[in-house]
2 protein chains.
Amino acid sequence: MTSDGLRSRLKAEGLRLTPQRELVLAAVDRLGHATPEEVLAEVRQSSESLNLSTVYRTLDVLEHVGLIRHAHLSDRVATYHSVGGPEHFHAICRKCERVRSVDVSVAADFADRLRTELGFVADVGHLTIFGECEVCE
Amino acid sequence: MTSDGLRSRLKAEGLRLTPQRELVLAAVDRLGHATPEEVLAEVRQSSESLNLSTVYRTLDVLEHVGLIRHAHLSDRVATYHSVGGPEHFHAICRKCERVRSVDVSVAADFADRLRTELGFVADVGHLTIFGECEVCE
DNA sequence: CTCCCTGCAAATAGTTTGCACAATA
DNA sequence: TATTGTGCAAACTATTTGCAGGGAG
């Protein structure tokens, strides 16, 4: 995501481009899946100018304008990842804690079934499914 | 769930049957899907003898012995429900907030696919999927 | 009579908010 | 220069823990 892309997305909502918003977006891009604390730590590698509450507010803004998404990979904290790669959901092993990113196409038939049988349109990209590896690595 | 069922499940783990454990299990049964706070409130209708931290500890114990399960029906709190009815997962509409309990059979093919394609055994009963009703009620 | 369980209060983790100042457009 | 955004500190929500007394077995 370029700065210009970020700027235009923000502008469309009457929001401003700030250094903090650029830094947070870049950190989420680099980290893959990151909690707010992890984003803060990553940004602080290169700059002191960021506060945790700003991280929370900025993650909300970036999600609002559609540049990042969040998932619940643990019972405690949300993790954020940038939008741009293939849309995926998460499968997490309770034994080895491995997090798999699974392409949404794997859930396409399931989603169809929810729609036709229940009239429910699933947000597959937000899905996190817990379970166990048949054989952990 | 009878007191004797509860007693024997606890005994198998070297745990004791207490009034609090009976009260919490009964409350979860009555409430369907309930947060720890809701369980506390329900029990306090009939008895003063229960503390919130005991509710948390008791819900853990009851889940450990397999009498209840939890799901994440909101980003905030876990809700507990008794095991005994048909095993189900949850689908939640972000617009009307309706919570549907869906029989796990609807996800059987999806679970098969995760197992054969990824070697991942999903805990379908723990699944919560967010989305929207095609037409909200 | 032993050890598990509970209540209470305090600690902790994660997140949100009010406010004054700073910076963008 | 008019808002919007940020930092800071404090508040808040959900949950966990230490400890001393109480109760199940």
Side-chain angles (χ1 to χ4, degrees), chain A residues 3-4 6-28 33-44 46-65 67-68 70-80, chain B residues 3-28 33-41 43-44 47-65 67-68 70-80 128:
Chain A
S3 256
D4 281 353
L6 173 55
R7 179 187 295 275
S8 61
R9 298 273 193 132
L10 290 169
K11 192 170 187 181
E13 305 275 332
L15 302 172
R16 294 174 181 174
L17 180 63
T18 66
Q20 288 86 344
R21 288 174 179 173
E22 292 183 294
L23 289 165
V24 167
L25 179 57
V28 170
H33 295 111
T35 65
E37 289 281 1
E38 289 166 345
V39 169
L40 180 67
E42 171 72 11
V43 172
R44 289 226 167 132
S46 50
S47 160
E48 281 301 313
S49 60
L50 188 61
N51 182 274
L52 184 55
S53 53
T54 302
V55 173
Y56 278 99
R57 287 187 280 225
T58 301
L59 290 170
D60 282 347
V61 167
L62 295 177
E63 184 160 43
H64 181 72
V65 301
L67 293 173
I68 64 176
H70 79 274
H72 302 276
L73 304 189
S74 84
D75 282 5
R76 281 217 169 294
V77 293
T79 60
Y80 289 80
Chain B
S3 257
D4 282 353
L6 173 55
R7 179 186 295 275
S8 60
R9 298 273 193 131
L10 291 169
K11 193 169 186 180
E13 306 274 333
L15 302 172
R16 294 174 181 174
L17 180 64
T18 64
Q20 287 87 344
R21 287 173 180 174
E22 293 183 293
L23 289 165
V24 167
L25 179 56
V28 170
H33 296 110
T35 65
E37 288 281 0
E38 289 166 344
V39 169
L40 180 67
V43 171
R44 289 226 166 130
S47 161
E48 281 301 312
S49 58
L50 188 60
N51 182 275
L52 184 56
S53 53
T54 302
V55 173
Y56 278 100
R57 286 187 280 227
T58 302
L59 290 170
D60 282 347
V61 167
L62 295 177
E63 184 159 44
H64 180 73
V65 301
L67 293 174
I68 65 176
H70 79 274
H72 302 276
L73 304 190
S74 84
D75 282 6
R76 282 217 168 294
V77 293
T79 59
Y80 289 81
T128 299

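Keep in mind that this is a model prediction, so the values were computed, not measured. Convention: sequence-line order gives letters A, B, ...; per-chain numbering from 1.
Side-chain contact between A:T58 and A:L23 is absent, with no heavy atoms from C-beta onward closer than 4.5 Å. Side-chain contact between A:L25 and A:L67 is present, with at least one heavy-atom pair separated by less than 4.5 Å. Contact check for B:Y56 versus B:L40: no side-chain heavy atoms found under the 4.5 Å cut-off. The side-chain heavy atoms of A:L10 and A:V61, taken from C-beta on, include a pair separated by under 4.5 Å. The shortest distance between side-chain heavy atoms of A:H70 and B:D75 falls below 4.5 Å.
Nearest-nucleotide mapping onto DNA chain C: of A:R76 and B:L52, the residue sitting toward the 5' end is B:L52. Taking for each of B:P36 and B:K11 the nucleotide of DNA chain D with the nearest heavy atom, the 5'-most of the two is the partner of B:P36.
In this structure, A:T54 reaches the D:dG7 phosphate: one of its side-chain N or O atoms is under 4.0 Å from OP1 or OP2. Between C:dT6 and B:N51, no contact under 4.0 Å exists linking OP1 or OP2 to a side-chain N or O. Listed pair B:T18 / D:dG23 fails the phosphate criterion, with no side-chain N or O lying under 4.0 Å from OP1 or OP2. Phosphate proximity of C:dA25 to A:R7: present, with a side-chain N or O under 4.0 Å from OP1 or OP2. Using a 4.0 Å cut-off, no side-chain N or O of B:Y56 falls inside it from OP1 or OP2 of D:dT16. Put simply, B:R21 has a side-chain N or O that comes within less than 4.0 Å of OP1 or OP2 on C:dT6.
Taking the side chain of A:Q20 as heavy atoms from C-beta on, and the options D:dG7, C:dG7, C:dT15, the nearest nucleotide is D:dG7.
Here C:dA23 presents its C1' atom at 15 Å from CG of A:L15, a figure rounded to the nearest Å. Atom NE2 in A:H72 sits roughly 14 Å away from atom P in C:dG14 (whole-Å rounding). Residue B:L50 contributes atom CG, which lies 10 Å from atom C1' of C:dG7 at whole-angstrom precision. Computed from coordinates, the A:L10 CG to D:dT6 C1' distance equals 15 Å when rounded to whole Å. The nearest whole Å value for the distance from the NE2 atom in B:H64 to the P atom in C:dC5 is 11 Å. As a whole-Å value, the separation of A:L23 CG from D:dG5 P is 16 Å. Distance, A:L40 CG to D:dT6 C1': 13 Å, rounded to whole Å. Straight-line distance from the CG atom of A:L59 to the P atom of C:dG14: 15 Å, rounded to whole Å.
For A:R16 and D:dT3, a side-chain-to-base donor-acceptor distance below 3.5 Å is present, hydrogens and geometry of angles not being considered. For A:S53 against D:dC8, a side-chain-to-base donor-acceptor contact under 3.5 Å is present.
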